[in-house]
Protein chains: 2
Amino acid sequence: MKISAQEEYGLRCLVQLANLKDGETLTLPQIAEREGISTANAGKLMWLLNKAGFVNSTRGTKGGYFLARPAQEIFLNEIIKVLDEDVLSSHCESYTGILDKCIHTGDCGIRPVIVGLHEIVENALSRITLAGLVGNEEAVDAMFHQIQGIHRTIQPQKIV
Amino acid sequence: MKISAQEEYGLRCLVQLANLKDGETLTLPQIAEREGISTANAGKLMWLLNKAGFVNSTRGTKGGYFLARPAQEIFLNEIIKVLDEDVLSSHCESYTGILDKCIHTGDCGIRPVIVGLHEIVENALSRITLAGLVGNEEAVDAMFHQIQGIHRTIQPQKIV
DNA sequence: GCAAATCCTTACTTTTTGGTCAAGATTGAA
DNA sequence: TTCAATCTTGACCAAAAAGTAAGGATTTGC
């Protein structure tokens with residue numbers, strides 16, 4: 001269970017836009033440079049996010065991308081849903097092995113756990129807005145743990 | 001963020017073994033049939049799980065697979081770690097774009113969220129044992145929500 | 001000792017995901 | 001009006017994940 005490349009980079013691009021002051025925009029090369037990805041890749045991601053209604057763009061000289069809505073109103077679960085398809089509602093249609101349908105229709109001991117896990121993640125993400133990701137690492141970390149009400153039971157990772 | 005095929009099928013195969021009575025075993029074709037996957041695929045999964053010490057096997061006629069430890073002592077987070085690599089400790093080494101290192105070293109607003117998410121999942125899985133997945137769907141669902149202390153905030157999925 | 005049943009291991013193929021490229025369309029400014 | 005900067009789009013290529021195949025090794029039972 002992990003974050004896909006599209007989720008990771010897409011989120012990061014949006015955070016760049018969330019950092020902008022009102023009226024400012026970023027071009028593809030700027031976004032690409034700030035995230036260390038290729039311009040082509042940034043282009044594809046922004047196209048997705050544009051289609052999904054998270055960003056708007058203007059073409060031509062002085063053009064660029066900007067958030068379509070205030071960062072305070074964009075929740076991470078909406079973003080993830082777009083960047084990685086909505087997996088919560090389709091689990092039993094994937095993983096059908098060599099059959100047309102999952103063999104465990106009717107009664108399945110795995111489903112509650114998998115679906116429950118996805119719910120937990122969805123739930124956690126639905127409490128965080130893009131605006132919450134703006135700021136330094138310490139502040140974001142505090143925000144996250146305060147919102148989730150988590151006491152660390154796992155060793156914090158080494159900060160690189 | 002989703003469960004990989006290997007995680008899903010690997011877990012399901014282990015649940016089959018957890019269902020066995022003491023002394024019983026399952027062969028690869030049996031496991032494959034019960035999970036609706038090919039024998040070759042089941043073979044690969046069981047090889048992985050064997051290497052990781054979750055199952056043991058005996059060869060020859062009357063051979064088969066069985067759990068190496070009691071199902072009550074095998075926690076899901078251990079299983080997932082084997083089936084999908086330990087992602088929690090390596091996030092910043094992936095997703096470096098076209099660079100050698102992630103561009104956000106030092107101070108990163110995304111990291112706490114991604115790492116925090118992985119922690120939440122790890123945490124949830126570390127409270128559930130394989131034995132908890134044995135039984136009918138309703139019972140497993142109750143176990144899951146009781147352990148996680150969750151009140152559903154999301155509509156339950158349609159049961160297929 | 002031999003044959004059948006079974007697991008073991010490596011290499012290969014297919015599918016999915018991730019990423020790149022190039023041509024086209026739009027806009028702003030000289 | 002023309003050019004340069006920019007986004008848009010679809011086709012293409014590469015890497016990773018998933019799945020398959022086949023030959024080898026081990027054990028049991030006759």
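In this text, all values refer to a predicted model and were calculated from it rather than measured experimentally.
Residues A/I31 and B/I98 fall into different hydrophobic clusters, defined by Ile, Leu, Val, Met, Phe, Trp and Tyr side chains chained together at heavy-atom separations under 4.5 Å.
B/W47 has a side-chain polar atom (N or O) that falls below the 4.0 Å cut-off from OP1 or OP2 of C/dT9.
To the nearest angstrom, C1' of C/dT26 lies 5 Å from CZ of A/R59. As rounded to whole Å, 14 Å separates atom C1' of D/dT6 from atom CZ of A/F66. B/N50 places its CG atom 15 Å from the P atom of D/dT26, with the value rounded to the nearest Å. As a whole-Å value, the separation of B/K51 NZ from C/dC8 P is 12 Å. Spacing between atom CD of A/E8 and atom C1' of C/dG19 amounts to 16 Å, rounded to whole angstrom units. Protein atom CE of A/M46 is 11 Å distant from nucleotide atom C1' of D/dC7, rounded to whole Å. In this structure, CG of A/L28 is placed 15 Å from C1' of C/dG19, rounded to the nearest angstrom. In this structure, the CG atom of A/L17 is 11 Å from the P atom of D/dC7, given to the nearest Å.
Defined by atom type and a distance below 3.5 Å, a donor-acceptor pair is present between the side-chain atoms of B/E7 and B/S4. No side-chain donor from either of A/E137 and B/H104 sits under 3.5 Å from a side-chain acceptor of the other.
Looking at heavy-atom distances under 4.0 Å, B/G43 makes no contact with the nucleic acid at all. Using a 4.0 Å heavy-atom criterion, one finds that A/L26 contacts the sugar-phosphate atoms exclusively.
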Can you tabulate the close N/O pairs, meaning under 3.5 Å, that link protein atoms to atoms of nucleotides 16-20 of chain D?
| residue | atom | partner | partner atom | Å |
| --- | --- | --- | --- | --- |
| D/dA18 | OP1 | B/A5 | N | 3.2 |
| D/dG19 | N7 | B/K44 | NZ | 2.7 |
| D/dG19 | O6 | B/K44 | NZ | 3.1 |
| D/dT20 | OP2 | B/S38 | OG | 2.4 |

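The side-chain heavy atoms of A/L49 and A/L14, taken from C-beta on, include a pair separated by under 4.5 Å. A/D141 has its side chain within reach of A/H145: a pair of non-hydrogen atoms, C-beta onward, lies under 4.5 Å apart. Looking only at side-chain heavy atoms (C-beta outward), B/I103 and A/R12 come within less than 4.5 Å of each other. Within the 4.5 Å cutoff, the side chain of A/M143 has heavy atoms near those of the A/L133 side chain.
Of the residues near DNA chain C, B/T61 and B/Y65, the one whose nearest nucleotide (by heavy atom distance) lies more toward the 5' end is B/T61.
Rounded to 10 degrees, the angle separating the terminal axes of the helix from C/dG1-D/dC30 to C/dA30-D/dT1 is 0°, with each axis obtained from five end pairs.
Residues that satisfy the ring pair (Phe, Tyr, Trp, His ring centres under 6.0 Å) test with B/Y65, not counting sequence neighbours, are absent from this structure.
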